[in-house]
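Here's the structure we're looking at; comments come further down.
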Amino acid sequence: MSERRKPYPFDEFEPKWQAIWQERQLFHVPNPGEKGFDHSKSKFYVLDMFPYPSGAGLHVGHPEGYTATDIIARYKRMRGLNVLHPMGWDAFGLPAEQYAIKSGQHPAITTRENVAKFKNQLKRIGFSYDWQREINTTDPRYYKWTQWIFLQIYNSWFNPATNKAEPISTYRGKNPDEVRLAYVADVPVNWCPELGTVLANEEVVDGKSEVGGFPVVRRPMRQWMLRITAYAERLLDELDGLDWPQGIKLLQRNWIGKSEGAEIDFKIDKSDQKIRVFTTRPDTLYGGTFLVLAPEHSLVDLIVTEEQWPAVREYRERTARKSELERVDLSKDKTGVFTGAYAINPANNKNIPIWIADYVLIGYGTGAIGGVPAHDERDLEFAKKFDLPVVIVVQPAGNEPAMGFIGEGVAVNSPMIDGLTSADAKRKITAWLEERGQGKRAINYKLRDWLFSRQRYWGEPFPIIWEDGSHRSLDESELPLVPPPLEDYKPIGTGEPPLSKAKDWIRYSEKATRETNVMPQWAGSCWYYLRFCDPNNDQRFVGEQAEHYWMGGVKPGGVDLYVGGTEHAVLHLLYARFWQKVLFDRGYVSKPEPFQRLVNQGIILGEDNQKMSKSRGNIVNPDDVIDLYGADAFRCYEMFMGPFEQMKPWSMRGVEGVSRFLARVWRLLMAENQRGDWELSAKIKETDASKPQQKITHAAIKKVTEDVESFSFNTAISQMMIFVNAFTGAEAIPLSSIRVFLILLSPFAPHIASELWETLNGKFTDARGDITQQSWPVYDQQLLAEEEVEIVLQINGKVRDRMKLPIGITNEEMKSAALVNPKIQERIAGKTVRKVIVVPQKLVNLVV
RNA sequence: GCCAGGGUGGCGAAAUUGGCAGACGCGCCAGACUUAGGAUCUGGUGGAGAAAUCCUUAGGGGUUCGAGUCCCCUCCCUGGCACCA
């Protein structure tokens with residue numbers, strides 16, 4: 001059986017051009033001060049979210065974003081910009097370590113192999129990365145600086161007076177360890193026994209580990225934390241200046257979860273203690289008929305009465321045993337126990353019972369709430385279950401029932417504020433409490449400090465040593481701190497990190513030992529966009545000049561365009577913003593935000609419309625597609641599938657269709673000779689383009705240019721198809737038109753465009769150099785203008801006829817033309833035309 | 001439950017400010033070339049109808065001369081959050 005004939009010889013010229021690009025280092029962009037740097041050009045930094053190089057290799061989802069950024073990068077270069085378009089590897093992470101546990105192979109080896117595989121796959125697609133800037137988070141030359149940045153965070157504190165991070169040396173308090181942006185705390189953490197490590201809140205989904213889906217339990221442990229909460233307000237406010245999808249901004253806002261209200265102190269009856277609660281509705285204070293503490297609340301021990309002790313102890317134990325999943329199960333009934341103690345409602349001096357219940361979370365607010373059952377769903381449920389009193393204190397505006405009403409209305413049954421709107425009542429009550437020292441305005445955030453340590457091997461070791469129970473940082477000169485080789489990477493299971501097995505490594509001096517935790521995978525990706533600006537600098541994490549140039553500009557964010565999946569909407573994007581702000585405050589970088597414009601790609605589903613997964617067997621491997629149809633067809637199909645940001649299914653038929661389009665492009669310029677070799681078609685001539693040909697060429701320039709700018713790659717390709725359809729079958733193809741077309745095509749299908757361009761240069765001398773060195777064409781509005789316009793004739797809004805009329809026709813002329821149109825006359829015969837609507841150059845609508 | 005984004009032919013999808021619904025591609029149908037066609041080229045292709053014509057953007061209502069587009073209600077899908085006081 002003969003091999004299926006290729007529709008065009010992509011298998012010959014695609015590798016050829018990839019080799020040429022590499023040889024000539026065509027996409028390498030020098031830094032300011034380096035040889036070949038062009039000062040006259042402005043910069044454009046276009047970045048992909050770099051991948052974790054897994055053993056499975058690329059799937060078709062990765063290149064979707066990469067193709068888009070590659071098109072933008074190639075387009076911007078042709079528009080005369082210095083384009084920074086780098087790629088690297090986020091290579092610390094669990095899979096390599098899990099593999100090491102199974103096989104004993106060092107994760108560095110696994111990582112090296114996987115990186116090589118990924119890189120080969122990316123190169124086959126023809127991306128125009130500047131490979132001289134390749135970075136790898138597991139390279140000591142890289143993580144030396146990750147550790148260095150950690151030291152800057154460790155040696156900083158957040159000064160509320162200046163609202164920014166400052167060197168710890170400027171802190172005037174007695175214990176700087178209490179305010180460092182990196183600190184150690186005994187905190188209840190998400191311990192995952194299966195993975196043998198602690199996880200960040202963000203890594204726990206529905207009470208299970210995001211990786212692997214293993215159960216996660218709460219357990220107090222000594223951990224490194226980063227004080228991201230200090231930046232909550234700025235992380236919230238400074239979203240405003242970013243060109244991000246509204247949805248992503250909203251996700252971050254919700255994650256930060258700012259709520260404004262008041263903290264109110266409740267005196268405890270027959271005790272000196274008081275309980276502080278947080279509420280967003282101080283106006284409902286009169287309706288507070290009980291208090292609820294989280295079971296873990298530290299005051300519980302002090303207030304519980306003798307006879308309630310057994311019940312309280314039993315309840316706390318039961319709660320502690322519950323998994324996170326059980327505890328947050330919304331469908332379950334409210335539970336709780338009376339402590340036997342009473343508090344005094346400051347508004348009306350009434351004694352109200354104090355309960356503990358697990359629907360109150362220790363981690364939010366003060367870990368205690370005032371129960372206002374009439375105006376809070378949860379409190380109402382609790383009050384009903386335990387038969388606690390309910391007092392209505394807010395009257396809704398409409399005829400909604402006041403019982404259970406949680407919106408804003410007018411205060412009632414509240415002597416001090418009766419008749420006030422909720423907003424006014426809040427202000428008045430808060431002011432009153434403040435005067436009496438029983439409360440104050442308060443703001444709470446859902447955002448928690450970032451649990452920054454992991455009990456793993458394959459991560460950045462902390463540049464920290466311990467001596468006599470206290471920690472201090474390594475000197476900068478001791479970086480990078482490289483992890484020791486291990487025989488056995490297995491977690492110990494107790495929560496002791498694997499590094500604790502390396503006894504020699506741990507011993508720093510007679511008295512001092514090394515920290516054995518490692519940083520989470522997020523660490524490396526928090527600043528990689530900075531390193532790309534100056535990846536080989538061994539004096540600084542990024543050279544000042546390079547940082548200033550590539551991250552510069554008038555907008556708050558340094559990277560001009562950042563493309564990746566929505567899965568990083570809160571985690572990576574929030575962490576990176578946080579690090580950037582610390583570095584900014586400390587004067588190391590020039591921008592407060594890392595990423596100016598963010599675009600999310602949609603997920604690519606399998607042909608069966610299901611998420612691609614190994615178990616479903618619907619994974620598409622880019623290599624297979626490229627073998628069959630070539631890299632250009634692969635790239636163009638990824639862009640032609642549908643709107644970039646939308647979820648969409650893969651279709652091999654679709655790839656075939658796009659491949660046919662490229663074959664038509666090929667045959668537009670190339671013809672097969674007697675021997676069966678391809679040669680430049682005799683139809684390509686240095687003739688002037690006809691009017692329609694000019695029009696279609698300029699329509700293509702306009703549409704492709706606008707669509708590339710707006711990420712509408714699918715319609716850009718449609719327009720190029722229209723061009724090819726129009727020129728297919730033409731007797732002569734004007735060289736000038738086809739040159740323009742090839743330039744438009746080149747960001748999408750760079751190999752075929754390069755090959756055809758070179759072939760043209762072999763015969764014609766009107767242009768010089770590679771297609772990548774050409775400048776982007778500009779369209780001429782004059783050539784797009786029609787001589788005639790088609791006017792739509794409607795009666796009562798329904799299309800009845802169309803007619804061609806000369807351009808520039810007046811509304812009055814359109815109206816008369818419509819009225820004498822035979823079809824229209826026929827239809828309006830015997831009726832009165834009540835109204836005529838004329839849309840200039842477009843439509844006439846008669847109302848009868 | 002709350003928030004966000006969606007729902008347009010057999011399929012992927014187009015459609016400035018409200019102004020010709022279905023561009024482009026897939027699939028399908030017909031024709032041409034051909035020993036051959038799973039190649040290529042040409043034409044057709046939302047539905048109903050012999051036709052005039054009517055119907056059609058998840059469903060219902062509204063605003064408007066005119067609605068895929070704006071407003072209200074309902075249903076469905078996808079993603080996120082989820083006892084956050």
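First the proteins, then the strands, lettered A, B, ... as listed; each starts at 1. Just so it is clear, the structure is predicted and the values come from calculations on it, not from any experiment.
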Pick base, sugar-phosphate or nothing for [X], based on heavy-atom distances below 4.0 Å to the nucleic acid.
{"X": "A:G365", "result": "nothing"}
{"X": "A:R834", "result": "nothing"}
{"X": "A:N444", "result": "nothing"}
{"X": "A:P245", "result": "nothing"}
{"X": "A:K249", "result": "nothing"}
{"X": "A:V360", "result": "base"}

Distance, rounded to the nearest Å, where [X] contributes [atom1] and [N] contributes [atom2]:
{"X": "A:K842", "N": "B:U16", "atom1": "NZ", "atom2": "P", "result": "10 Å"}
{"X": "A:N600", "N": "B:G80", "atom1": "CG", "atom2": "P", "result": "13 Å"}
{"X": "A:R253", "N": "B:G80", "atom1": "CZ", "atom2": "C1'", "result": "15 Å"}
{"X": "A:R802", "N": "B:G19", "atom1": "CZ", "atom2": "C1'", "result": "12 Å"}
{"X": "A:F713", "N": "B:G12", "atom1": "CZ", "atom2": "P", "result": "22 Å"}
{"X": "A:N254", "N": "B:G5", "atom1": "CG", "atom2": "P", "result": "12 Å"}
{"X": "A:Q646", "N": "B:G5", "atom1": "CD", "atom2": "P", "result": "14 Å"}
{"X": "A:E706", "N": "B:A23", "atom1": "CD", "atom2": "C1'", "result": "16 Å"}

If I pick the [atom1] atom on [M] and the same atom on [N], what distance separates them, to the nearest angstrom?
{"N": "B:G18", "M": "B:A13", "atom1": "P", "value": "25 Å"}
{"N": "B:G19", "M": "B:A30", "atom1": "C1'", "value": "36 Å"}
{"N": "B:A52", "M": "B:G59", "atom1": "C1'", "value": "31 Å"}
{"N": "B:C26", "M": "B:A39", "atom1": "P", "value": "11 Å"}
{"N": "B:U16", "M": "B:G5", "atom1": "C1'", "value": "22 Å"}
{"N": "B:U40", "M": "B:A51", "atom1": "P", "value": "33 Å"}
{"N": "B:G22", "M": "B:C3", "atom1": "C1'", "value": "33 Å"}
{"N": "B:C72", "M": "B:U64", "atom1": "C1'", "value": "16 Å"}

Quiz item: Is the shortest side-chain N to carboxylate O distance from A:E296 to A:R316 below 4.0 Å?
Solution: no
Quiz prompt | Salt bridge present between A:D379 and A:K384 (N-O < 4.0 angstrom) | solution = no
Self-check item: B:G9, syn or anti by chi within 90 degrees of zero
Solution: syn
Does [N] have its OP1 or OP2 closer than 4.0 Å to a side-chain nitrogen or oxygen of [X]?
{"X": "A:K823", "N": "B:U53", "answer": "no"}
{"X": "A:K798", "N": "B:C55", "answer": "yes"}
{"X": "A:R660", "N": "B:G27", "answer": "yes"}
{"X": "A:N714", "N": "B:G25", "answer": "no"}
{"X": "A:S259", "N": "B:A85", "answer": "yes"}
{"X": "A:N725", "N": "B:G25", "answer": "yes"}
{"X": "A:R664", "N": "B:C41", "answer": "yes"}
{"X": "A:R827", "N": "B:U53", "answer": "yes"}
{"X": "A:K648", "N": "B:G12", "answer": "no"}

Self-check item: First of A:G363 and A:E656 reached from the 5' end of RNA chain B, by closest nucleotide
Solution: A:E656
Quiz item: Where each residue is assigned the nucleotide of RNA chain B containing its nearest heavy atom, which of A:G797 and A:Q794 is assigned the position nearer the 5′ end?
Solution: A:Q794
Base-pairing assignment for [N] (Watson-Crick or G-U wobble, both under 3.5 Å):
{"N": "B:A23", "result": "none"}
{"N": "B:G38", "result": "none"}
{"N": "B:U57", "result": "none"}
{"N": "B:A51", "result": "none"}
{"N": "B:G68", "result": "none"}
{"N": "B:U8", "result": "none"}
{"N": "B:C28", "result": "B:G44"}

Self-check item: Parallel, tilted or perpendicular, as decided by the 30° and 60° cut-offs, for the rings of A:Y637 and A:W650
Solution: perpendicular
Practice problem: Specify whether A:W450 and A:Y575 have parallel, tilted or perpendicular ring planes, treating 30° as the upper limit for parallel and 60° as the lower limit for perpendicular. | Solution: parallel
Quiz item: Is there a donor on the side chain of A:K334 or the base of B:C83 sitting less than 3.5 Å from an acceptor on the other?
Solution: yes
Quiz item: Is any N or O donor-acceptor pair between the side chain of A:E377 and the base of B:G1 shorter than 3.5 Å?
Solution: no
Donor-acceptor pair, side chain of [X] and main chain of [Y], under 3.5 angstrom:
{"X": "A:Y359", "Y": "A:G336", "result": "no"}
{"X": "A:R635", "Y": "A:P747", "result": "yes"}
{"X": "A:R448", "Y": "A:T229", "result": "no"}

Quiz prompt | Cation-pi check, A:K334 onto A:F382 ring (under 6.0 Å, within 45° of axis) | solution = no
Quiz item: More than 12 foreign heavy atoms under 6.0 Å from CZ of A:R800: is that the case here?
Solution: yes
Quiz prompt | Among B:C20, B:A85, B:A14, the one nearest A:D376 by side-chain distance | solution = B:A85
